[in-house]
Amino acid sequence: MIESMIDLLTRVVLIMEDGGSGKVVVLVDMDCFYVQVEKRLHPELKDKPCAIVQYNKWQGGSIIAVDYEARKYGVKRSLKGKEAKEKCPGIHLVQVPEKRRKADLSNYRKASGEVMKVLSGFTSVIERASIDEAFLDLTEPVKDYINSNSFDSLEFHADLKSTHVAGCNDDDDTHKDDCDLRISRGDWFKSSCSSDERVLIVAAILVQRIRETILNEVGFTCSAGISHNKMLAKLAAGMHKPNQQTILPQSQVDVVFSTTLLKKVRHLGGKLGEQVQDKLKIECVGQLQEYSLKVLQEKFGLKTGSWLYELCRGICHEKISNRIITKSIGCGKNFPGPSKLKTAKAVKYWLEQLSRELVERLEEDMTENTRQAQSITVHFLPEGQASSVARTFALPSYNTSLIVNNSWNAINKGHKPVTNEESHLTWTTGILNIHLSAGKFVQCGKGHMKSLLQLMSSDQECSFVSASSSHSSIITGKEVTQMTLCKEEREDAVLTTTPTITEQDQSLETSSMNITKFFTPIKRKGSLETQLDRNAKRREVVLEEIKGTLESDDDTIIDNQFEAVLCSECGEEVLKFVLEEHMDYHFALSLDKDSQIN
DNA sequence: CTTGGCGTCGTCC
DNA sequence: TGGACGACG
Ligand SMILES: Nc1ccn([C@H]2C[C@H](O)[C@@H](COP(=O)(O)OP(=O)(O)OP(=O)(O)O)O2)c(=O)n1
Ligand SMILES: [Mg+2]
C-alpha cells in the first residue's frame, strides 16, 4: 500500500519533469560569431588569432568578440585592444565598420539573417534569441524522423562524432585526446531506453545535420544544446564549444546541477542569482531542491518562487515563440565623460545621424518583411541621472526629420537648458547617451502576399522529414482589410507558466501563417535621382522635405513672416524670414553626412 | 571613459 | 498604454 503510494507520487513527479513531456528543444549558438563573419570576409585571417574591436582611437578600442585561438592567451570581451595586444602580440584586431561616425553592425545582422534562414528550412518553430542564437522546437521533426526511418542504435554512434552527453564520465575536459566517443558514451546509449532520451539522440542526429548545413551554406560553425526545454538546452550548449553539441537529458539533471553554479543558469546571471545565493547561502542550482515551494515563494515571491522550485528540477515552461526577425529596430550611442553632448547643436547633430541610420534600416526592413513600425521611443541619459529617460511618439511615416524633431522636443521637455549663452543653448549638465528604437510593427499590404523569407521558411517541407508527412497548411480566403499588428506565428503548443500537467496536443500540422497583404505606402524620396545630378538637386529636395514636414506638423503652420515656427529638422524656434538661411545649415549638415558615407 | 559599447527581449506597475 | 528596469548577447 505504502509502496504503491510512493510509486504513484514518483510517477507524478516524472510526469511533471520536462523529460516526461517528450518535447525536444535545441539551442543553436554560433561560435565567436562576429569573428567568423569577419573571417569569411577576410579569409587570410582564417588561421590567425583574432578579435573584433569597435572604436580603436581610445586604448585600441573595446573588444566585443574573440576567437578560440586568441582566448588561449587570455583575451576576452571588454578588454581594450591594447590589453589584447599585450596578452597576445600576434592577435589581429578587426574593427567594426563605422558609418555616420558610429559603429555599424549591419554585416553581422545580415549574417545572422542568413543563419536564421537556413534554420527555418528544418523546423517551423524557431525563436531568434539573439543575433547569433536561436531556439528550435524539434519535437515534430523528431517524430517524423522516427516514423519514416528504420534505424538501429549502432547508426547513432557512427553519426554522432561531435556529440557529448552532459554529466557523463568523459564529459569533463580531462581527456583531451581522441578517445572514441562511441565507446565512452556507449553505456549511456545502451541504457537509454526511456523514450525521452531516445528522442534526444534522434534530435542529435538532426542537429548534426543542421550544423553541417549551416557550415556548407553560409560558412559558419556553431555549437548546440539538445534537451527538453530552453533552460536546459541553453545550459547544454555552453558545455562544449566550439563546433560541438551536447545532449542534456532529464536523467542527467541532478548530477549536472549538483555542480552547476547558480549564475550559469539563464536569468540567474544577475541580481536575482546573487540574491538567491546570499539569502540561501548556496552556490549550485541543485541545492535549491532542499527548499520547499512554500519557502521559496516566501523568500522570492509567488512567481519567482515556483519558477525556482521547478527550475532546480530541470523544469522550465518558457515558451518558444515563433519568430526569426526582431520586434524592434534600434540604434544608439554613448557620449561618455569628455565627449558628452553639451550643446543643442551637438544633440541635434547626433539625433540626425541616429535617425538616418534608423530610417535606412526601417526601409530595408519594410521591403524584406512587409511590415511598418508605428512608434519611436527615444531614450536619453542626462548627466548625473542614474538611469535614462524614455519618451515615445507616433511614427506615421519613415521620415528622418520627423524623428529628429520629435526626439528633440522630447529631450527638451525632460532636460531643460540651464544657461543660455550668446543665443546658443548650453547645458551645464550634458547628455551621455541617446538611443532611438522603432517598434509596434504592423503587417501591411494588399492581397495575400508573404515576404520571400516567410514563404521559404514556413511553407516548405522540413528538410529532413520524409515526404509522407505534410506540414503545410495554408489558410485561404480570409479577408484582411487593415494592417494587422505583428504577432508571432503560432497555433501549436499550449504552454503555461504554471506547472500544470497537460498532455501536449501535438497536432500534425504546425505551420500556419498570418494572412498578409501587399502594401507599398511609403514615398521614396529622390529614388530616381542619378548620382550625377544628385547634389544639384539635393538642396531643393532638402528644402522640400523640410517644408513638407513643417506643414504636416499640426502646431507649426506658417502664417506670416514674423511668426516663429518650430523647425522640424531641429525643433528650434525659427522666424519665418530666416527659415531659408536656417535651412542652409541643415543642407550643410546633410552634405557633411553624405561625405561621411564614403 | 571603474563591466566597456551597441543592441535586443521580457516583466512590472 | 508607456516607461523603468533587469537580463542577456
Ligand atoms: N556583450 C556582448 C556579447 C556579445 N556580443 C556580440 C558579439 C558576439 O560575437 C555575438 C555573440 O555573442 P556570444 O555570447 O554568443 O559570443 P560569441 O559568439 O562571440 O562566442 P561563443 O563562441 O562563446 O558563443 O554577440 C556583443 O556585441 N556584446
Ligand atoms: Mg555565440
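Values reported hereafter were calculated over all heavy atoms of this structure, with side chains retained and with hydrogens, waters and symmetry mates removed. Here is how names work: the chains are called A, B, and so on, in the same order as the sequence lines, proteins then strands, and each is numbered from 1.
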Sequence-aligned protein contact record of nucleotides 2-9 of chain C, with B where the base is within under 4.0 Å of a protein heavy atom and S where only the sugar-phosphate is:
SSSSSSSS
Separation of [N] [atom2] from [X] [atom1] (nearest whole Å):
| X | N | atom1 | atom2 | result |
| --- | --- | --- | --- | --- |
| A/His317 | B/dT11 | NE2 | P | 15 Å |
| A/Glu274 | B/dT3 | CD | C1' | 13 Å |
| A/Gln59 | B/dG5 | CD | P | 12 Å |
| A/Tyr108 | B/dC6 | OH | P | 13 Å |
| A/Lys327 | B/dT11 | NZ | C1' | 12 Å |
| A/Lys303 | B/dC13 | NZ | P | 10 Å |
| A/Leu93 | B/dG5 | CG | C1' | 16 Å |
| A/Gln54 | B/dG5 | CD | C1' | 5 Å |

Could you check A/Phe335 against A/Pro338 and say which one's nearest nucleotide on DNA chain B is further toward the 5' end?
A/Pro338
Report the residue (A/Ile64 or A/Ile329) whose heavy-atom-nearest nucleotide on DNA chain B is the more 5′ of the two.
A/Ile64
So, do A/Phe33 and A/Phe220 have ring centers that fall under 6.0 Å from each other?
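Centroid separation for A/Phe33 and A/Phe220: below 6.0 Å.
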Taking the six-membered ring for Trp, is the centroid-to-centroid distance between A/Phe300 and A/Trp307 below 6.0 Å?
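Distance test on ring centres: not under 6.0 Å, no.
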Answer yes or no: does a side-chain N or O of [X] lie under 4.0 Å from OP1 or OP2 of [N]?
| X | N | value |
| --- | --- | --- |
| A/Arg361 | B/dT8 | yes |
| A/Arg109 | B/dT8 | yes |
| A/Lys102 | B/dG7 | yes |
| A/Tyr55 | B/dC6 | yes |

Walk me through it: do A/Gln289 and A/Arg313 pass the test side-chain hydrogen bond (donor to acceptor under 3.5 Å, both in side chains)?
CA-CA 7 Å; A/Gln289 289 186 15; A/Arg313 290 164 174 78; 5.4 Å; no
A/Gln297 side chain vs A/Leu302 backbone, donor-acceptor pair below 3.5 Å
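Looks like yes, one N/O pair under 3.5 Å.
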Indicate yes or no for a side-chain donor-acceptor contact from A/His92 to the backbone of A/Gly90 under 3.5 Å, with no hydrogens or angles considered.
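Confirmed, A/His92 side chain pairs with A/Gly90 backbone.
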Heavy atoms only, 4.0 Å cut-off, all strands: where does A/Phe33 land among base, sugar-phosphate and nothing?
nothing
When we call it a touch if two heavy atoms are under 4.0 Å apart, what does A/Glu357 touch: a base, just sugar-phosphate, or nothing?
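Answer is sugar-phosphate: A/Glu357 comes under 4.0 Å of backbone atoms only.
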Between B/dT3 and C/dG6 - C1' atom distance, rounded Å:
15 Å
Using atom P in both nucleotides, what's the gap between B/dC1 and B/dC6 to the nearest angstrom?
15 Å
Shortest non-hydrogen contact from A/Gln443 toward A/Asn369:
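For A/Gln443 and A/Asn369, the tightest heavy-atom pair comes out as NE2-O, 3.4 Å.
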What side-chain donor-acceptor pairs closer than 3.5 Å can you find for residues 432-442 of chain A, not counting sequence neighbours?
| from | atom 1 | to | atom 2 | distance (Å) |
| --- | --- | --- | --- | --- |
| A/Asn433 | ND2 | A/Lys333 | O | 3.2 |
| A/Asn433 | ND2 | A/Asn334 | OD1 | 2.5 |

Do A/Lys230's NZ or CZ and the ring of A/Phe135 fall within the cation-pi criteria of under 6.0 Å and 45°?
yes
